[in-house]
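Below is one structure; the comments refer to it alone.
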Amino acid sequence: MKRSFYDRPVLDVARDLVGCVVSHEGCSGVIVETEAYHDSEPASHAFVGLTPRTKTLFGPPGYAYVYRSYGIHALLNAVSEPEGVGAAVLIRALEPVEGIALMQARRRVERVQGLCSGPGKLTQALGIGLEHNGTDLLRGPIVIEDRAGAWRDVDVSVDRRIGITKAADLPWRFCAAGSRFLSRRVVS
DNA sequence: CATGGGATTGACT
DNA sequence: GTCAATCCCATGC
């Protein structure tokens, strides 16, 4: 994946990340669900402007924005659009590929379908934490690879974002059509 | 300095 | 279906 991939409108990046592969220290999975967030809409953390918390979001594209959600979970985002714009793609679900035994151990879950079917689940499965905030997605330790094989022409379904109260009507959620590894079914 | 609200999950009814 | 856990940080006094 090149830096220029992320240096584009966040909706394009979110859609195009479906089918790509995230990996971290031997564990990996195909992205089957994403959501876009942008500083122009109130559901985005960047909506409040540049603060210590949102520094990464407003930084250059192709970096990881990792933050704590509900005091418990770490959520992984890919910063998009040029430096100075607060935009990122939330990675919400993966289809596990490599390191499944380690993911099962970390999650204490056997069923592969439930290993990475949520934004907090996949970070736990891959061993991603707040210490990865601001790391380069091109250099690692977290890296994202281009679509390969049958994923090259994956069908992408569009839906409303999950779990937010503001700007909840925007169709900014992108899913691999028919995937059994989503955090929730697509509402048609 | 005190307060309150989450881009969630898992356990329980 | 309901609900608590738990902590970072933005906001307001």
Side-chain angles (χ1 to χ4, degrees), chain A residues 6 9-15 17-18 20 22 29 31-59 61 63-81 85-96 103-135 137 142 144 156-176 179-187:
Chain A
Y6 301 99
V10 70
L11 290 178
D12 294 343
V13 179
R15 168 180 288 270
L17 275 176
V18 174
C20 296
V22 184
I31 300 172
V32 294
E33 180 179 348
T34 66
E35 283 177 2
Y37 289 87
H38 189 273
D39 60 30
S40 61
E41 47 90 15
S44 171
H45 291 167
F47 187 69
V48 297
L50 183 57
T51 66
R53 184 193 197 191
T54 60
K55 189 178 72 150
T56 310
L57 276 174
F58 283 93
Y63 287 79
Y65 169 54
V66 184
Y67 73 97
R68 189 172 297 295
S69 174
Y70 290 92
I72 302 173
H73 310 286
L75 270 56
L76 172 66
N77 300 250
V79 175
S80 302
E81 307 215 8
V85 180
V89 176
L90 171 67
I91 311 297
R92 286 195 55 90
L94 306 178
E95 175 173 331
M103 295 195 223
Q104 287 168 325
R106 284 185 178 134
R107 294 260 306 116
R108 292 189 201 130
V109 165
E110 289 294 317
R111 201 160 160 269
V112 176
Q113 252 164 282
L115 279 184
C116 299
S117 57
K121 296 179 182 178
L122 70 92
T123 54
Q124 186 186 13
L126 294 193
I128 293 169
L130 296 191
E131 68 274 20
H132 295 103
N133 185 41
T135 59
L137 292 174
I142 306 166
I144 304 183
V156 178
S157 309
V158 181
D159 195 9
R160 298 185 345 188
R161 295 178 293 182
I162 294 174
I164 54 173
T165 55
K166 301 165 200 160
D169 50 326
L170 294 176
W172 285 12
R173 176 180 181 230
F174 300 92
C175 299
S179 173
R180 302 191 312 280
F181 298 90
L182 303 178
S183 66
R184 278 172 54 175
R185 293 270 188 78
V186 174
V187 180

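It should be emphasised that the depicted structure is a prediction, and the values quoted were computed from it without experimental measurement. A note on names: the letters A, B, ... follow the listed sequences, proteins ahead of strands, and every chain is numbered from 1.
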Could you tell me how far apart [X] ([atom1]) and [N] ([atom2]) are, to the nearest whole angstrom?
X: A:E35; N: B:dT8; atom1: CD; atom2: P; answer: 7 Å
X: A:R106; N: B:dT9; atom1: CZ; atom2: P; answer: 17 Å
X: A:L122; N: B:dA7; atom1: CG; atom2: C1'; answer: 12 Å
X: A:I72; N: C:dC3; atom1: CD1; atom2: P; answer: 17 Å
X: A:Y65; N: C:dC9; atom1: OH; atom2: P; answer: 8 Å
X: A:H45; N: C:dC8; atom1: NE2; atom2: P; answer: 14 Å
X: A:R184; N: B:dT9; atom1: CZ; atom2: C1'; answer: 13 Å
X: A:L75; N: B:dT9; atom1: CG; atom2: P; answer: 7 Å

**OP:** Taking all non-hydrogen atoms of both residues into account, name the closest pair between A:S80 and A:V13 and its distance.
**Re:**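 Taking A:S80 first and A:V13 second, the nearest heavy atoms are OG-CG1, 3.5 Å.
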**OP:** Compare every heavy atom of A:T54 with every heavy atom of A:G49, then report the nearest pair and how far apart it is.
**Re:**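 Minimum heavy-atom contact is O-OG1, 2.7 Å.
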Original post:
Checking all strands, does A:R92 fall into the base, sugar-phosphate, or nothing category for heavy-atom contacts under 4.0 angstrom?
Top reply: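 Contact class for A:R92: sugar-phosphate only.
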**OP:** Indicate, yes or no, whether a donor-acceptor pair under 3.5 Å links the base of B:dA7 to the side chain of A:Y67.
**Re:**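 Check passes, donor-acceptor contact within cut-off.
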Test item: [X] and [Y] side chains (from C-beta on) under 4.5 Å apart, heavy atoms:
X: A:Q113; Y: A:F181; result: yes
X: A:V112; Y: A:Q104; result: yes
X: A:R15; Y: A:V158; result: yes
X: A:H38; Y: A:V85; result: yes
X: A:T56; Y: A:V79; result: yes

Original post:
Can A:Y37 be called stacked on B:dA7 when the rule is centres closer than 5.5 Å and an angle between planes below 30°?
Top reply: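 Aromatic stack with B:dA7 present for A:Y37.
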**OP:** Could you walk me through whether A:V66 and A:T123 pass the side chain to side chain contact (heavy atoms under 4.5 Å, CB included) test, one step at a time?
**Re:** CA-CA 9 Å; A:V66 184; A:T123 54; 5.7 Å; no
What nucleotide, of [options], holds the atom closest to the side chain of [X]?
X: A:T51; options: B:dA7, C:dA10, C:dA5; answer: C:dA10
X: A:R53; options: B:dG6, C:dC8, C:dA10; answer: C:dA10
X: A:L90; options: C:dC8, B:dT9, B:dA7; answer: B:dA7
X: A:R68; options: C:dC9, B:dA7, C:dC7; answer: C:dC7
X: A:K121; options: B:dA7, B:dT9, C:dA10; answer: B:dT9
X: A:H73; options: B:dT9, B:dG6, C:dA10; answer: B:dT9

Subject >> Distance below 4.0 Å between A:R107 side-chain N/O and B:dG10 OP1 or OP2 >> reply: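 Answer is yes, contact under 4.0 Å.
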Subject >> Helical stems, DNA chain B - three or more consecutive Watson-Crick or G-U wobble pairs below 3.5 Å >> reply: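 Consecutive-pair runs (3 or more) involving DNA chain B: B:1-6 with C:7-12, B:8-12 with C:1-5.
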